[in-house]
There are 2 protein chains.
Amino acid sequence: MPATPPAPESSRLTVLAGPTAVGKGTVSADIRARYPDIWLSVSATTRQPRPGEVDGVHYLFVGPDRFADMVANSELLEWAVVHGRNSYGTPRGPVQEKLDAGVATLLEIDLQGARQVRATMPEARFVFLAPPSWEELERRLVGRGTEGPEERERRLATAKVEMAAASEFDHVIVNDDVQRAADELVSVMGLAPHPVAGR
Amino acid sequence: MPATPPAPESSRLTVLAGPTAVGKGTVSADIRARYPDIWLSVSATTRQPRPGEVDGVHYLFVGPDRFADMVANSELLEWAVVHGRNSYGTPRGPVQEKLDAGVATLLEIDLQGARQVRATMPEARFVFLAPPSWEELERRLVGRGTEGPEERERRLATAKVEMAAASEFDHVIVNDDVQRAADELVSVMGLAPHPVAGR
C-alpha cells in the first residue's frame with residue numbers, strides 16, 4: 001500500500017498571533033483586501049454587534065445558549081470568557097471545511113488563544129508577528145503618553161513577556177511594513193505572493 | 001524486551017478547574033489542610049505580593065524579566081497576562097520534579113489555563129469541579145444582589161458557557177460538600193482518602 005502523500009501546505013491552518021499593539025489586525029486587513037482567496041476565520045462571540053459590524057463577516061454573533069452548545073460539543077478550536085463578561089471562540093467547522101476544500105485559511109488570534117489551538121489542532125502553522133524593534137513597540141504602547149508611570153511600566157512589562165512568546169512559534173515575521181509583512185505571511189502559508197491590487 | 005509498565009497514577013498531574021465561584025480554592029485549601037502529602041502547584045506571577053502572602057507558598061513572585069525568561073525557555077505549562085496587567089503561569093520544573101519523585105501533584109487553575117495544559121502536558125488528568133445545581137451556582141454568583149440586571153445577566157451567561165466546559169474534562173466532581181468533594185478528588189488521583197485530621 002503506498003504511503004499517504006503529505007498533505008498540501010494549504011490544508012494546514014495558519015495561526016497569526018503576537019504581542020499587543022504589534023499590528024495583527026492591520027496585517028489581517030491587508031490580507032483580506034489584497035488576497036481575497038485566503039479565508040480569514042470568523043470568531044463567534046456572545047457580545048452585542050457594534051455599529052457597522054456584520055454577522056458572519058466580522059463575527060458570528062450568537063447567544064450564550066448557542067455558545068455553550070458549541071463549547072459542550074467541542075465545536076471550538078479555542079475559546080475564552082474575556083474580562084468575565086463576553087465569550088469569544090473559533091468555530092472548528094468552518095475552518096475544517098475550508099481546509100478540506102484546499103482553501104488557504106488564516107486565524108488571527110491572541111497569544112492565549114494560539115496556545116489553546118496548539119492543543120486542538122497541533123498540525124497548524126504558528127506565526128508570530130514581531131515589531132521591527134523593541135523601541136517601536138514601546139512607542140506604539142505608550143506613544144500618547146497619557147498614562148501614569150505605573151501604567152506605562154505595566155504595559156512594557158507585559159510587552160516583554162509577550163515578546164518572549166516568539167519562542168513558542170514556528171515562524172517569526174517582522175511587521176516593519178504592513179504589505180511586506182502580509183506578503184511574507186502569504187509565502188509562509190505556502191502560496192506565492194499574488195496581490196490582486198497594490199493600494 | 002518487556003513492555004514498559006504503565007506509569008503509576010501518582011505520576012500524572014491532576015488539573016482541577018471549573019466555573020467561576022464553584023469553590024475551587026476552597027477545595028484546594030481543604031486538600032492542603034487535610035492531605036499534606038499532596039503537593040499543590042505554586043503559580044509564578046509578576047504582581048506584587050499582598051499582605052500575608054509568602055513567596056514560594058502562595059505564589060512565586062518574580063519580575064517581568066524573569067517571567068519573560070520562563071516564557072522564552074518554555075518553562076511554563078501555561079501562562080496568561082490577566083487584564084493586560086500582570087502575568088501568571090505554572091512553572092513546569094517543580095511539577096515535573098514532584099511527579100518524578102512519585103508525589104501526587106495538584107494544579108488548581110482556570111478553564112483557559114487548563115486548556116493550555118492540555119497542549120503542554122496532555123497526559124494530565126483533567127477534573128472539572130461542578131456546583132451541586134445550576135440554582136446553587138446562580139445563588140453564589142448573584143447572591144448579594146448588588147449588581148444591576150445587566151451584570152446579573154452577564155454573569156449567568158458566562159456561567160452557562162463555563163458549565164458547558166465540563167465536556168472537555170476526564171472527570172466531573174460535584175462540590176456539594178467541600179470535604180466530600182476533596183475526598184473524591186483524592187480518590188480520582190488514585191489515592192485512598194486518608195485525611196490527617198477531621199476539622
Side-chain angles (χ1 to χ4, degrees), chain A residues 19-21 44-48 62-89 110-122 124 126 141 150-151 153-168, chain B residues 19-21 44-48 62-89 110-122 124 126 141 150-151 153-168:
Chain A
T20 308
T45 183
T46 59
R47 80 154 163 78
Q48 296 298 312
V62 299
D65 287 326
R66 172 66 189 123
F67 197 96
D69 280 348
M70 294 171 108
V71 168
N73 300 329
S74 304
E75 295 175 31
L76 299 173
L77 287 174
E78 57 79 40
W79 65 272
V81 177
V82 175
H83 297 282
R85 299 169 76 85
N86 296 303
S87 300
Y88 293 81
D110 66 15
L111 291 166
Q112 263 195 285
R115 292 199 296 280
Q116 289 183 45
V117 176
R118 193 180 292 283
T120 52
M121 200 174 262
F126 293 87
L141 280 169
E150 202 178 330
E151 175 60 23
E153 209 51 52
R154 273 221 189 78
R155 289 195 191 179
L156 295 180
T158 295
K160 198 173 286 179
V161 170
E162 289 184 338
M163 281 298 293
S167 68
E168 300 173 354
Chain B
T20 309
T45 182
T46 59
R47 80 155 164 77
Q48 296 297 312
V62 299
D65 286 328
R66 173 67 189 123
F67 198 96
D69 280 348
M70 294 170 109
V71 168
N73 300 329
S74 303
E75 292 175 33
L76 300 173
L77 287 174
E78 56 79 40
W79 63 273
V81 177
V82 175
H83 298 255
R85 299 169 77 85
N86 296 302
S87 301
Y88 293 82
D110 67 15
L111 291 168
Q112 262 196 285
R115 292 200 296 281
Q116 290 182 47
V117 175
R118 195 179 291 283
T120 52
M121 200 175 261
F126 293 88
L141 279 169
E150 199 178 332
E151 175 60 22
E153 210 51 50
R154 274 222 188 79
R155 288 195 191 179
L156 294 180
T158 295
K160 198 172 287 178
V161 170
E162 290 183 338
M163 281 297 292
S167 68
E168 301 173 353

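Throughout, a chain's letter reflects where its sequence line sits, starting with A, and its residues are numbered from 1.
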Interchain contact, Leu156(B) with chain A, by part (heavy-atom threshold 4.5 Å)
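No part of it gets close to chain A.
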Heavy-atom cut-off 4.5 Å, strictly under: side chain, backbone, both or neither for Thr20(B) against chain A?
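Contact with chain A: none, neither part.
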Under a 4.5 Å cutoff for heavy-atom pairs, which residue among Thr46(A), Asp69(A), Asp65(A) has the most contacts with chain B?
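When all of Thr46(A), Asp69(A), Asp65(A) are compared, Asp65(A) has the most.
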Choice from Gln112(A), Glu151(A), Glu168(A) maximising heavy atom contacts with chain B below 4.5 Å
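Looking at each of Gln112(A), Glu151(A), Glu168(A) in turn, Gln112(A) comes out on top.
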Please enumerate all residues that pass side-chain hydrogen bond (donor to acceptor under 3.5 Å, both in side chains) together with Arg66(A), with sequence neighbours excluded.
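If we apply the side-chain hydrogen bond (donor to acceptor under 3.5 Å, both in side chains) test to Arg66(A), skipping adjacent residues, the hits are Glu75(A).
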Arg115(A) side chain to Trp79(B) backbone, donor-acceptor under 3.5 Å
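Answer holds: yes.
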Which residue out of [options] racks up the most heavy-atom pairs below 4.5 Å with chain A?
{"options": "Ala119(B), Gly113(B), Ala166(B)", "answer": "Ala119(B)"}
{"options": "Ala72(B), Pro64(B), Gly63(B)", "answer": "Ala72(B)"}
{"options": "His83(B), Arg118(B), Met70(B), Arg154(B)", "answer": "Arg154(B)"}

Can you measure from CD (Gln116(B)) to CD (Glu78(A)) and round to the nearest 0.5 angstrom?
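Here the interatomic distance stands at 10.5 Å.
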Non-hydrogen contacts under 4.5 angstrom with chain B: give the residues of residues 158-165 of chain A involved, or none if there are none.
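If one takes a 4.5 Å heavy-atom cut-off, the residues of residues 158-165 of chain A near chain B are Thr158(A), Lys160(A), Val161(A), Glu162(A), Ala164(A), Ala165(A).
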